[in-house]
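The next block holds one structure in the form of structure tokens; read it before the comments.
Excluded from the calculations below are hydrogen atoms, water molecules and symmetry mates; all remaining heavy atoms, backbone and side chain alike, are included.
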Amino acid sequence: MKVSGTSVAHDEREILTETRGRVRIVTLHRPKSRNALTPTMAVSYAAALRAADDDPRVRVIVVTGAGAGFCSGADLTVLDQGATGSRGFRPPREDLPDLALRLRKPVIAAVNGAAVGLGFAYMLGSDLRFAAESAKFVTAFSRLGLAAEYGVSWLLPRLVGLQPALDLLLSGRAVSAGEALSMGLVHRVVPDEELLATTVAYAADLADNCAPSSLATIKHQVYGDLDRTRADALSDTLARMDEAFAGPALREAMTARAEKRAPAFDPLPPRRD
């Protein structure tokens, strides 16, 4: 179905997608269980992200949950099966929750309710996070006898600092949207009814006014530099600067400014890997 430049994929799958202009919305779609994750849902989610990253029409990805929650964690009926069931939540390395960080395109989470446990890990595995006023964040791992899962112990201290990360992981307590904003866990908090529109508007501004090549390069730099020395990061930056100065995106940006029009940046080429 297409309405005013919007195409929507409606079905009964656990993951739904919608395209608004150059923004792809990926929705966790098990609203009756507050979008509790199943193993098949994790695989479908990873496939939806990859499809968006490979689609030249899409420049920014927004992730949200259906109904009243973002993601309540792993489906407890699966966890009740013990180790056998739990291992089903260990997909291939390339499908883990940090997949969004490894994509070329920005991924923005619109957290519309509780993000708990595994849902917290998926929420954390995005480049930016917008939250509804009613959203809450719970690591929950310590209260279930679990380890901090899927690299959360590496990423969370880098986002909010060591002490806040330890507080969230050790206590497993619920954190409000306001507290999440104050510690830097989320980028912005908005009224519930404005969350998706606000997030998509931000994403659309990136999609329409920023060079896809720059967005991909900057993501790669930021995450890569977390494991580089300052000297190595500077060397990498200088090489990328030389490449960008000679590239088409800068020429188009300067021409668009001179002609007082919106830039017409080239989409990213298909992946070669």
Side-chain angles (χ1 to χ4, degrees), residues 15-18 20 23-31 33-37 45 48-49 52 60-74 97-101 103 105-141 143 148-152 155-161 163-169 171-207 219 222:
I15 300 294
L16 298 181
T17 62
E18 173 186 348
R20 299 186 188 180
V23 178
R24 174 70 50 83
I25 302 171
V26 178
T27 303
L28 307 175
H29 188 246
R30 295 186 72 216
S33 64
R34 299 293 176 99
N35 306 310
L37 281 155
Y45 176 74
L49 289 189
V60 183
I61 303 163
V62 170
V63 177
T64 193
F70 179 77
C71 177
S72 60
D98 69 340
L99 168 63
L101 307 182
L103 299 181
K105 298 172 183 178
V107 179
I108 306 172
V111 186
N112 56 308
V116 181
L118 185 55
F120 184 94
Y122 273 89
M123 175 277 304
L124 202 65
S126 57
D127 300 306
L128 291 170
R129 289 155 292 278
F130 286 54
E133 289 177 340
S134 65
K136 64 178 180 179
F137 305 85
V138 189
T139 62
F141 306 122
R143 298 186 180 227
E149 296 181 340
Y150 297 114
V152 167
L155 184 55
L156 188 58
R158 286 166 167 79
L159 288 175
V160 303
Q163 288 295 302
L166 282 169
D167 170 32
L168 295 181
L169 290 170
S171 72
R173 67 184 180 86
V175 173
S176 69
E179 185 177 0
L181 179 65
S182 69
M183 69 172 62
L185 183 60
V186 300
H187 172 65
R188 189 179 302 176
V189 174
V190 298
D192 289 28
E193 65 275 10
E194 299 175 12
L195 175 65
L196 189 58
T198 299
T199 309
V200 170
Y202 179 94
D205 178 61
L206 297 186
K219 274 193 65 167
V222 169

Review point. Does the pair Leu168 and Met183 meet the rule for a side chain to side chain contact (heavy atoms under 4.5 Å, CB included), with working shown?
Key: CA-CA 11 Å; Leu168 295 181; Met183 69 172 62; 3.7 Å; yes
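- Residues passing the side-chain contact (heavy atoms from CB on, under 4.5 Å) test with Pro31 are His29, Asn35, Ala66, sequence neighbours excluded.
- Judged as a salt bridge (charged side-chain N to carboxylate O under 4.0 Å, His left out), and not counting sequence neighbours, the contacts of Arg173 are Asp167, Glu179.
- Here Thr27 contributes atom OG1 and Glu18 contributes atom CD; the two are 7.0 Å apart, rounded to the nearest 0.5 Å.
- Residue Ile25 holds its CD1 atom at 11.5 Å from CD1 of Ile61, rounded to the nearest 0.5 Å.
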Which side-chain N or O atoms in residues 108-120 pair as donor and acceptor under 3.5 Å with protein atoms at least two apart or in another chain?
{"from": "Asn112", "atom 1": "OD1", "to": "Thr64", "atom 2": "OG1", "distance (Å)": "3.4"}
{"from": "Asn112", "atom 1": "OD1", "to": "Gly65", "atom 2": "N", "distance (Å)": "3.2"}
{"from": "Asn112", "atom 1": "ND2", "to": "Gly65", "atom 2": "O", "distance (Å)": "2.9"}
{"from": "Asn112", "atom 1": "ND2", "to": "Gly67", "atom 2": "O", "distance (Å)": "3.1"}
{"from": "Asn112", "atom 1": "ND2", "to": "Gly69", "atom 2": "O", "distance (Å)": "3.2"}

Check your understanding: How far apart are the C-alpha atoms of Tyr202 and Val62, what are their side-chain angles, what is the distance that settles it, and do they pass the side chain to side chain contact (heavy atoms under 4.5 Å, CB included) test?
Key -> CA-CA 10 Å; Tyr202 179 94; Val62 170; over 6 Å; no
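- For the residue pair Ala207 and Val23, the shortest heavy atom distance occurs at CB-CG2, 4.5 Å.
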Side-chain polar contacts of residues 188-198 - donor-acceptor pairs under 3.5 angstrom, sequence neighbours left out - could you list them?
{"from": "Asp192", "atom 1": "OD1", "to": "Glu133", "atom 2": "N", "distance (Å)": "3.1"}
{"from": "Asp192", "atom 1": "OD1", "to": "Ser134", "atom 2": "N", "distance (Å)": "3.1"}
{"from": "Asp192", "atom 1": "OD1", "to": "Ser134", "atom 2": "OG", "distance (Å)": "3.4"}
{"from": "Asp192", "atom 1": "OD2", "to": "Ser134", "atom 2": "OG", "distance (Å)": "2.4"}
{"from": "Thr198", "atom 1": "OG1", "to": "Glu194", "atom 2": "O", "distance (Å)": "2.7"}

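- Using a 4.5 Å heavy-atom cutoff, the side chains of Val186 and Phe137 are in contact.
- With rounding to the nearest 0.5 angstrom, the CG atom of Asp98 is 8.5 Å from the CG atom of Leu155.
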Using residues 123-131 as the side-chain source, report each donor-acceptor pair under 3.5 Å to any protein atom, sequence neighbours left out, with the distance given to one decimal.
{"from": "Ser126", "atom 1": "OG", "to": "Met123", "atom 2": "O", "distance (Å)": "2.7"}
{"from": "Ser126", "atom 1": "OG", "to": "Leu128", "atom 2": "O", "distance (Å)": "3.4"}
{"from": "Ser126", "atom 1": "OG", "to": "Arg129", "atom 2": "NH1", "distance (Å)": "3.4"}
{"from": "Asp127", "atom 1": "OD1", "to": "Lys219", "atom 2": "NZ", "distance (Å)": "3.4"}
{"from": "Asp127", "atom 1": "OD1", "to": "Tyr223", "atom 2": "OH", "distance (Å)": "2.6"}
{"from": "Asp127", "atom 1": "OD2", "to": "Val107", "atom 2": "N", "distance (Å)": "2.7"}
{"from": "Asp127", "atom 1": "OD2", "to": "Lys219", "atom 2": "NZ", "distance (Å)": "2.8"}
{"from": "Arg129", "atom 1": "NE", "to": "Leu185", "atom 2": "O", "distance (Å)": "2.7"}
{"from": "Arg129", "atom 1": "NH1", "to": "Leu124", "atom 2": "O", "distance (Å)": "3.3"}
{"from": "Arg129", "atom 1": "NH1", "to": "Ser126", "atom 2": "O", "distance (Å)": "2.7"}

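- Evaluation of the side-chain hydrogen bond (donor to acceptor under 3.5 Å, both in side chains) rule for Arg34 yields no partner, not counting sequence neighbours.
- The two residues Cys71 and Leu28 have their closest heavy-atom pair at CB-CD1, 3.9 Å.
- His187 NE2 to Thr199 OG1: the interatomic distance, rounded to the nearest 0.5 Å, is 9.5 Å.
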